[in-house]
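So that the names make sense, note that chain A is the first sequence line, chain B the second, and so on, each numbered from 1. FYI, side chains are in, hydrogens and waters are out, and symmetry mates aren't considered; it's all heavy atoms of this structure.
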Amino acid sequence: MTKPYEPNIIEKTVQASWDKEKRYEVVADDREKFYCLSMFPYPSGKLHMGHVRNYTIGDVISRFKRMNNYNVFQPMGWDAFGLPAENAAIANKVNPNDWTQKNIENMKDQLKSLGFSYDWSKELRTCDTNYYKWEQLIFKKFADRGLVYRKKAIVNWDPVDNTVLANEQVIDGKGWRSGSQIEIKEIDQWFLKITDYAEELLTSLEKLDWPENVKTMQKNWIGKSIGAEIKYTLKGSEESLTAFSTRPDTIFGVSFIAISPNHSISTELAKNDDSLAQFLAQCKEISAAEADMAKAEKLGYKTKIKAIHPITKELIPVWIGNFVLLDYGTGVVMGVPGHDQRDYEFAQKYGIDIKQVIKVDDNDQLPLLDKGKLINSPGFDGMASDSAIKKINKYLEENNLGKQLTQFRLRDWGISRQRYWGCPIPAVYEDGVPRILEENELPVELPELEKNSPPIPLSKNKDFINISNKTKREADTFDTFMDSSWYYARFPSADNDKEIFGEDSDYWLPVDLYIGGIEHAILHLLYSRFFHKALRDMDMVKEDEPFKKLLTQGMVLKDGAKMSKSKGNTVDPQPYIDKYGADTVRLYMMFTSPPEQSLEWSESSVEGASRFLKKVWSLVSSRKYNDFKEDPEFTKEDLALRRKAHATLKKVENDYEVRYSFNTAIASVMELLNFIPDEYKANDASDAQKFCLDETIIFILKMLAPITPHLSEHLWNSFFVDDLAVDAWWPKFNKDLLEVEEFDLVVQVNGKVRGKTVINKNLDEKEIETEALSLENVKNTIGANKIKKVIYIKEKIINFVI
RNA sequence: GGGGAUGUGGUGGAAUUGGUAGACACGCUUGGCUUAGAACCAAGUGCCGCAAGGUGUGGGGGUUCGACUCCCUCCAUCCCUACCA
């Protein structure tokens, strides 16, 4: 009788030996380096299945690379600042730091129990002064390079709670706690000039080994467009409005101008117009989130102002539209209802002229969004859109009415947050004038709170704010995306308190493989790329890009939505680890779907994963490797097993290394295990049979080692003769063993399968055809019909067309 | 509203380059073992049909000798939309 498989005992023992020998703490050496990074978590309390999936993927790849003789660095840390800590602090009257640290300890224990091969000596927490002090320094250096400025920007304001709300905290236009109608408010904030890098962020996407969909998303987000700025002078005024358009060829179709409710003209007019003032107030009753604005009903208010069309000199009404954003382009839209969907709807609603100025054919329906030939455009009629654009731009430029311009959709990054639990922005106000602190005035430490007292905003913390009568400290903290924009570069130097990026960072950067959720495809990844390029330009890092290769995992969903603490739909892995062991949980997560796909959580086949590991256990645990000095004589059946084992190894290698397709790798190993004939396991098996089984076992343990490291290591140590750990080497398949003399041929008639037959590889095409035609079912189907055509695909298929 | 993805048995999924649809599992059914259950073992399992056969990859259309795969169109679901991380 073999002992039962007791994963919890095995796993604790194996993990203890890793800790003792510090197996996964690494330093520079001669091997090729591999920096494998999984996105660090926000310490929300407990791990959920989304984390388990993400971190298992990273660990499987790290372990596979390590077995293939790479020097692998896989760190872990904590994105520790953020809103949930403050929410928890308010709800439960706990100190956000205590709450966060406790969560970190919990989650760290969970990560350790899952057996991830992290180098914990480089752990970092963004809420540590030794982390964020460097962030304040980066900010100062960015400022010195002219990448920092201040401007007004809109926020969600809760007039009852007197606080700024995050978009997430606004539900149907109401504050989540107070329930009151929120309003948009403009406040002064710090900005980073990410737009200075717009062009490079766009062009260097090409160099990246990233999934195409992520690159496309970033490209569209940056949104480079070539168009023209067109000046509309206002009637009876020196003032003018400038609108940007990518379609100057439709300029003769302009029948209104729309400006933002926040535009200075709007505010000016409202002073003497109560109904307009009311309209502007109404426009503020909408959340600042783009999705909400886009969904809101398009509303307009017609002013008495007229703009002069730059070419026809006709008078055009100026409207105020709630869909026009001030900090978006110029805050002025030229309305061309005939050729723009949104303008069309707006014009229909308010009875504004809709003119067709582009023609494609006689069946044109408005709005017509395609390019075509110009009509109703005096002086340009009959021209194709593209040449008309050039002509019109030239005309505008010569007459000082506008100019050709490249514009980006990307906006500068507002980094001010009106919160407590974040990195203090290192600035002061001297007589109200902002000044960013000098290097020798850093760090600005986040003031500690009383035990168990809820956070008060920094703006209300007098001890912190008031430096002197004239000098006040900045009360805002950084956006937490700042914290996560450079952590990848800090990790190798996490234990270095002398330099921000020491020689360890130099050695390990860039990240060779970055793994994380697809939800970060745009913001986090774009901000990090921007940081990296700015740091490069200050000679703080080399390379142009931080993440060479990217693997985006799909969401783990529960009840049809992304698993997250705030939605309250998380599934804790702990009960599963306790019941089945970490190896089973890891195996199940990898087996249940490929990494990129989103996945509705279900525990339905955890049992299957567990069952498979028990089978491996019962096959290997009481067995010892037979150290044959020379190869025995193999029968045909022996060779079939060896072929299967070597073919599986080849496939699994490809699945791990190239395809990141762990579910199919596991399926192949399961298939291999099922393929072993029972007599090979018996005591009276022949030497050749024992040899083949031993070889198969070696392959199985090695192939599983990245996914189920504890079981593999334990069985390896009891089974094999050398004293190297299971992750010391990866086996090599023998390609001579993969050769076969025969293949299965599928025989089709008119594309439908009518038979299958085994064909010797030596036969020529004519012989194969005869062979196929001799099949009973094929003969019957063809009957008296004449064969019109024969299609033969080498060693796969033959199709008779009748 | 915009951008990106996904859709295959009762369930998770496989089919890697346009070439056998449903590998590998879960579940279920039947049988074995057992006092009984659990566990384990064996066989079966897309749908319709006694069978021959037909049919089948979200719906509709197309290209092709051949389509889960390519094209058009519609529908559903998920993610992002700049202050959740």
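Residue contacts shown for A/Lys651 include a base, since a base heavy atom lies under 4.0 Å away. At a threshold of 4.0 angstrom between heavy atoms, the contacts of A/Ile793 include nucleobase atoms, whether or not backbone atoms are also involved. Nucleic acid contact for A/Ala296: none, since no nucleic acid atom lies under 4.0 Å from a heavy atom of the residue. Residue contacts for A/Ser566: at a heavy-atom cut-off of 4.0 Å it reaches no nucleic acid atom on any strand shown. Across all strands shown, A/Asn663 has heavy atoms under 4.0 Å from sugar-phosphate atoms exclusively, and none from any base. At a threshold of 4.0 angstrom between heavy atoms, the contacts of A/Phe800 with the nucleic acid are absent.
Residues A/Thr664 and A/Asp655 bring a donor and an acceptor atom of their side chains to less than 3.5 Å of each other.
If A/Glu212 and A/Arg417 are placed on RNA chain B by their nearest nucleotide, the residue sitting closer to the 5' end is A/Glu212.
For A/Phe81 and A/Tyr132, the ring centers sit closer than 6.0 Å to each other.
Between the C1' atoms of B/rU34 and B/rC26, the separation comes to 25 Å (whole Å). Rounded to whole Å, the separation between the C1' atoms of B/rC83 and B/rA67 comes to 47 Å. On the C1' atoms, B/rG56 is 11 Å away from B/rC48, given to the nearest whole Å.
With A/Asp412 contributing its side chain and A/Ile194 its backbone, the two residues share a donor-acceptor pair below 3.5 Å.
Put simply, the side chain of A/Lys615 does not reach to within 4.5 Å of the side chain of A/Met670, judged on heavy atoms. In this structure the side chain of A/Ile425 never reaches within 4.5 angstrom of the side chain of A/Met482, judged on heavy atoms.
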For A/Tyr487 and A/Phe40, run ring-ring contact (aromatic ring centres under 6.0 Å, His included): C-alpha distance rounded to whole Å, both residues' side-chain angles, the deciding distance at 0.1 Å, then the answer. CA-CA 9 Å; A/Tyr487 79 112; A/Phe40 66 166; 3.7 Å; yes

For a salt bridge (charged side-chain N to carboxylate O under 4.0 Å, His left out) check, start with the C-alpha distance between A/Glu345 and A/Arg342, then their side-chain angles and the critical distance, and finish with the verdict. CA-CA 5 Å; A/Glu345 284 160 20; A/Arg342 187 185 60 190; over 6 Å; no

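Put simply, the residue from A/Phe531, A/Tyr527, A/Phe530, A/Tyr42 that forms a ring pair (Phe, Tyr, Trp, His ring centres under 6.0 Å) with A/Phe481 is A/Tyr527.
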Could you spell out the base pairing of RNA chain B in dot-bracket, with Watson-Crick or G-U pairs whose two distances are under 3.5 Å, [ ] crossing and | to another strand? (((((((..(((......[....)))((((((.......))))))(((....)))..(((((..]....))))))))))))....

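Here chain A contacts RNA chain B (any atom closer than 4.0 Å to a heavy atom, that is under 4.0 Å), and the contacts span B/rG1 to B/rA85 from 5' to 3'.
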